[in-house]
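Just the heavy atoms: all of them, side chains too, but no hydrogens, waters or symmetry mates, feed the values below.
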Amino acid sequence: MAIFIIYLLFCRRIYSLKSTKNILQKLFDSGFWLGILFVIEPFTAILGALIYMAVFLNHQIILNTILTPIIGFIVPLFLLFTYTLFIDKPYIFNNLFYFNSFENFYLFSENGLFGILSFLLTTTIISLFLKSPKVFLVNNSFRKNWILLLTNFCIAFIYALLIPVKNGSELLFLLFPISIIIANGIAVIKYKIVKNIFLLLLLLGAVFFTLL
């Protein structure tokens, strides 16, 4: 659960980049939270792509905006490296850079998570088809946020596939983008009865897969 809270703090700084206020501070903070995530789970390093996508969408990519997240990322790693040298256990730091092989793609079906993942992906795709056409017709700030949200979803999905130990916690990374995408998809539905049916199906699906 701690890693999920840190992930939310990381996302909070990422999505706040739509404002031009304190850009470098936000970039440093996002890199810092990513560094802590990396210490806990090295595969979260792929979330770094989300930082630079946010910079690309909202601001100019210049030397400062490129280097600042990297500096923030290095700070937790430097502190950990110093600590492991102090306690004479440098292997703890070194092990962060030994990634396990990309196997166990089928563990979702083995531990009962395949149904949950399929349900989430299906409802997300339906919501994307409902909302995206209207978003891309208008060139405004929400379109940038929507692109960033889709990027967030794709990266979180890749993370869920790559992480070697699949126990369900990796799906928490998908909950943030998925919940916003589904909420926007439901908001597009004009007819109240259709909206209620969609919400009922979501509720029944959540209850069903929880009881599995």
Side-chain angles (χ1 to χ4, degrees), residues 1 3-23 26-27 29-30 33-34 37 44 46-59 108 112-161 168-212:
M1 185 58 67
I3 190 173
F4 181 61
I5 294 174
I6 297 171
Y7 169 67
L8 290 179
L9 292 171
F10 167 78
C11 288
R12 178 177 176 272
R13 300 309 277 170
I14 293 294
Y15 286 90
S16 67
L17 285 170
K18 62 183 179 181
S19 169
T20 57
K21 186 178 180 180
N22 299 325
I23 297 173
K26 294 173 184 176
L27 288 173
D29 291 346
S30 61
W33 289 120
L34 181 60
L37 285 172
T44 56
I46 64 173
L47 291 169
L50 192 62
I51 298 176
Y52 292 102
M53 175 58 77
V55 174
F56 173 76
L57 291 172
N58 297 295
H59 307 285
F108 286 115
L113 294 176
F114 181 77
I116 298 175
L117 185 61
S118 299
F119 174 72
L120 290 174
L121 289 178
T122 302
T123 52
T124 301
I125 291 172
I126 293 173
S127 299
L128 286 174
F129 275 108
L130 290 172
K131 184 68 176 181
S132 292
K134 294 188 176 182
V135 172
F136 290 110
L137 284 175
V138 182
N139 186 14
N140 56 15
S141 60
F142 185 77
R143 185 168 76 168
K144 294 179 180 179
N145 288 336
W146 190 251
I147 295 172
L148 186 62
L149 189 66
L150 296 183
T151 305
N152 193 168
F153 168 73
C154 292
I155 293 174
F157 181 70
I158 294 172
Y159 167 79
L161 289 178
S169 62
E170 66 280 356
L171 297 184
L172 291 174
F173 281 69
L174 281 164
L175 286 182
F176 175 75
I178 280 179
S179 59
I180 299 176
I181 291 171
I182 293 176
N184 277 275
I186 294 174
V188 172
I189 301 175
K190 295 181 179 180
Y191 300 102
K192 188 175 181 179
I193 185 171
V194 178
K195 187 179 295 187
N196 289 337
I197 291 173
F198 192 78
L199 289 171
L200 180 61
L201 290 174
L202 284 175
L203 178 62
L204 291 176
V207 172
F208 174 76
F209 289 113
T210 301
L211 295 176
L212 284 180

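Here the side chains of Lys131 and Ile181 are not in contact, with every heavy-atom distance at 4.5 Å or above. Using a 4.5 Å heavy-atom threshold, the side chains of Phe142 and Asn184 count as touching. Leu17 places none of its side-chain heavy atoms less than 4.5 Å from the side chain of Leu57.
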Let's go through Leu50 and Phe10 carefully: what are the C-alpha distance in whole Å and the side-chain angles of both, what is the deciding distance for side chain to side chain contact (heavy atoms under 4.5 Å, CB included) to 0.1 Å, and is it a yes or a no? CA-CA 10 Å; Leu50 192 62; Phe10 167 78; 4.1 Å; yes

Going through the distances and angles, do Leu150 and Leu128 end up as a side chain to side chain contact (heavy atoms under 4.5 Å, CB included)? CA-CA 9 Å; Leu150 296 183; Leu128 286 174; 3.0 Å; yes

Worked check of side chain to side chain contact (heavy atoms under 4.5 Å, CB included) between Phe153 and Leu121: CA-CA 10 Å; Phe153 168 73; Leu121 289 178; 3.5 Å; yes

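The line from CD1 of Ile3 to CD1 of Ile5 is 11.0 Å long, rounded to the nearest 0.5 Å. Taken to the nearest 0.5 Å, the CG atom of Leu174 stands 11.5 Å off from the CD1 atom of Ile155. Interatomic distance, OG of Ser179 versus CG of Leu149, reported as 8.0 Å (0.5 Å rounding). Distance check, rounded to the nearest 0.5 Å: CZ of Arg12 to CZ of Phe176 gives 11.0 Å. Note: Ile23 CD1 to Asn58 CG = 9.0 Å, rounded to the nearest 0.5 Å. The distance from atom OG of Ser127 to atom CD1 of Ile178, rounded to the nearest 0.5 Å, is 9.5 Å.
Classification of the Tyr159-Phe173 ring pair by plane angle, with boundaries at 30° and 60°, yields tilted.
Of all non-hydrogen atoms in Leu34 and Thr44, the two that sit nearest each other are CD1-O, 3.3 Å. Across Arg13 and Trp33, no two heavy atoms sit closer than the pair CG-CD1, 4.2 Å. Here the closest heavy-atom approach between residue Ala156 and residue Tyr7 is recorded as CB-OH, 4.4 Å. When all heavy atoms are compared, the tightest approach of Ala54 to Ile14 is CB-CG2, 3.9 Å.
In this structure a side-chain-to-backbone donor-acceptor pair under 3.5 Å is present from Lys26 to Ser16. A donor-acceptor pair under 3.5 Å is absent between the side-chain atoms of Ser30 and the main chain of Ile51, judged by distance alone.
Within a 6.0 Å radius of CZ in Phe129, no more than 12 heavy atoms belonging to other residues, nucleotides or ligands are found.
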